[in-house]
Amino acid sequence: MSLSDPGAAARLLSVLSLPAPQAAPRLLGGLFGHRTAEGVVTLRITELEAYGGPAGSDLPDPGAHTYRGRTARNASMFGPPGHVYVYFTYGMHHAVNLVCRPEGHAGGVLVRAGEVVEGIGLARARRAVGRATPVPDAALARGPGNLAKALGIGLGHDGAPLAAGEGPAGDGFFLVPPAEDDRPETASGPRTGVSGPGGTDAFPWRWWIPGDPSVSPYRAAAPRRR
DNA sequence: GAGGCGATTGCCT
DNA sequence: GGCAATCGCCTCT
């Protein structure tokens, strides 16, 4: 697999047309990158989570932002595949999803962690902002908030298209799903930080590459403070 | 118009 | 392991 893989475009469309729980394990080990005026950072995806659609749809997911229907915030999740859904949470963190399924069907894959394989200097610089101590390389894109920061992703990128391979020249996102023969070993379990039934064994929609140092530690949803 | 809380992170004890 | 930070979105009044 490489950024110039001629089969990448076909694989991207076929994989992202699937419901998220089927697309997610097929994206593990793939390349995901973002090119800006600052440079390019590319990751090998090592951890992700699938998210479905609203109550009453064909893939209801009580853990998803889309569960209560389409809103201005989550509209990208209902759009055509091959785009990104970026959201802002906890007043400080961004996270990025790869939108799945045909337009009208909500679904996406949250990219939770990756190994930086290109642009590690830029990733280090972005992650160093506001920190006193340096970030270990394996942790540069560990966790969805950290990954978004390493890739330079903000709310302004919500709805941006995903190119296959290196894509057209200029700024933007690109994605290269692994060829079938290149898919890594995978493990799966409940999603991290999801409260309610969506965070239980009933939705084992988190996948990761076992033993990879960039995978984030599992955390149960924070109990409500009072 | 107000209040609660979140697909998190990192520092503190 | 506990918990503060920090603010936009969503729900309810």
Side-chain angles (χ1 to χ4, degrees), chain A residues 19-21 23-25 27-28 32 45-55 57 59-78 83-101 106-114 123-124 126-159 188-208 213-226:
Chain A
L27 293 169
L28 209 53
F32 175 52
I45 300 172
T46 58
E47 178 190 355
L48 33 69
E49 289 178 356
Y51 286 88
S57 72
L59 194 63
D61 179 1
H65 289 169
T66 55
Y67 190 60
R68 293 169 192 271
R70 181 175 182 149
T71 67
R73 177 208 201 189
N74 65 28
S76 296
M77 284 283 267
F78 291 81
H83 291 68
V84 298
Y85 163 52
V86 179
Y87 66 90
F88 179 66
T89 191
Y90 289 101
M92 58 193 111
H93 301 300
H94 298 275
V96 60
N97 287 250
L98 311 175
V99 175
C100 297
R101 310 203 65 188
V109 174
L110 171 69
V111 188
R112 288 192 54 91
R124 286 175 183 146
R126 285 170 170 160
R127 288 281 278 115
V129 175
R131 290 181 54 97
T133 57
V135 179
D137 285 348
L140 287 173
R142 177 189 291 157
N146 292 332
L147 182 149
K149 193 170 180 180
L151 288 183
I153 296 173
L155 263 191
H157 297 112
D158 182 40
S188 65
R191 294 175 292 188
T192 291
V194 176
S195 60
T200 67
D201 288 331
F203 289 84
W205 288 1
R206 172 178 177 246
W207 285 265
W208 65 94
S214 68
V215 173
S216 71
Y218 174 81
R219 291 196 198 195
R224 285 181 305 178
R225 287 205 352 261
R226 40 171 293 169

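Below, chains carry the letters A, B, ... as their sequence lines are ordered, and counting in each starts from 1.
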Structure string for DNA chain B in dot-bracket form, Watson-Crick and G-U at under 3.5 Å, | interchain: ||||||.|||||.
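Stacking between A:Tyr87 and B:dA7 is absent: the aromatic ring centre is not both under 5.5 angstrom from the base six-membered ring centre and within 30 degrees in plane angle.
Defined by atom type and a distance below 3.5 Å, a donor-acceptor pair is present between the side-chain atoms of A:Ser216 and A:Arg112.
Between A:Glu49 and A:Arg191 no salt bridge is recorded (no basic side-chain N to carboxylate O distance below 4.0 Å). Of the charged side-chain nitrogens involved, none lies within less than 4.0 Å of a carboxylate oxygen, so that A:Asp158 and A:Arg73 do not count as a salt-bridged pair.
For the P atom pair drawn from B:dG4 and C:dA4, the interatomic distance equals 16 Å after rounding to whole Å. Taking the C1' atoms as reference points, B:dC5 lies 16 Å from C:dC3, given to the whole Å.
Atom OH in A:Tyr90 sits roughly 12 Å away from atom P in B:dC5 (whole-Å rounding). Nucleotide B:dT9 holds its P atom 11 Å from the NZ atom of A:Lys149, rounded to whole Å. Rounding to whole angstrom units, CD1 of residue A:Ile153 and P of B:dT8 are separated by 16 Å. As a whole-Å value, the separation of A:Asp158 CG from B:dA7 P is 15 Å. In this structure, A:Leu140 atom CG and B:dG10 atom P are separated by 11 Å, rounded to whole Å.
Between the side chain of A:Lys149 and the main chain of A:Val129, a donor-acceptor pair closer than 3.5 Å is present. For the pair A:Asn97 (side chain) and A:Val99 (backbone), a donor-acceptor distance under 3.5 Å is absent. Side chain of A:His157 to main chain of A:Gly154: a donor-acceptor pair is present (N/O by atom type, distance under 3.5 Å, no hydrogens or angles). Checking side-chain atoms of A:Arg127 against main-chain N and O of A:Leu140 turns up a donor-acceptor pair under 3.5 Å.
Using a 4.0 Å heavy-atom criterion, one finds that A:Gly63 contacts the bases of the nucleic acid, with or without backbone contacts as well. Residue contacts shown for A:Asn97 include a base, since a base heavy atom lies under 4.0 Å away.
In this pair, A:His94 and A:Phe88 present their aromatic rings tilted. The plane angle is within the 30 to 60° band.
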ring-ring contact (aromatic ring centres under 6.0 Å, His included) between A:His65 and A:Tyr87, worked out: CA-CA 10 Å; A:His65 289 169; A:Tyr87 66 90; 4.5 Å; yes
Verdict with reasoning, A:Thr46 to A:Trp208, per side chain to side chain contact (heavy atoms under 4.5 Å, CB included): CA-CA 6 Å; A:Thr46 58; A:Trp208 65 94; over 6 Å; no
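Across all non-hydrogen atoms, the minimal contact from A:Ser214 to A:Gly114 is CB-O, 3.5 Å.
With B:dA7, B:dG10, B:dT8 as the choices, the nucleotide that has an atom nearest any side-chain atom of A:Thr192 turns out to be B:dT8. The nucleotide whose nearest atom lies closest to any side-chain atom of A:Met92 is, among C:dA5, B:dT9, B:dA7, C:dA5. Comparing B:dT9, B:dA7, C:dT6 by their nearest atom to the side chain of A:Arg219 picks out B:dT9.
Contact annotation: the side chain of A:Tyr51 approaches that of A:Val194 to within less than 4.5 Å [non-hydrogen atoms, C-beta and beyond].
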Nucleotides 8-13 of chain C: protein proximity per nucleotide (B base, S sugar-phosphate only, - neither; heavy atom, under 4.0 Å): -SSS--
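For the segment residues 126-139 of chain A, the set of residues with a heavy atom within less than 4.0 Å of an atom of DNA chain B comprises A:Arg127, A:Arg131, in numerical order.
Taking only side-chain nitrogens and oxygens, A:Arg112 comes nearer than 4.0 Å to OP1 or OP2 of B:dT8.
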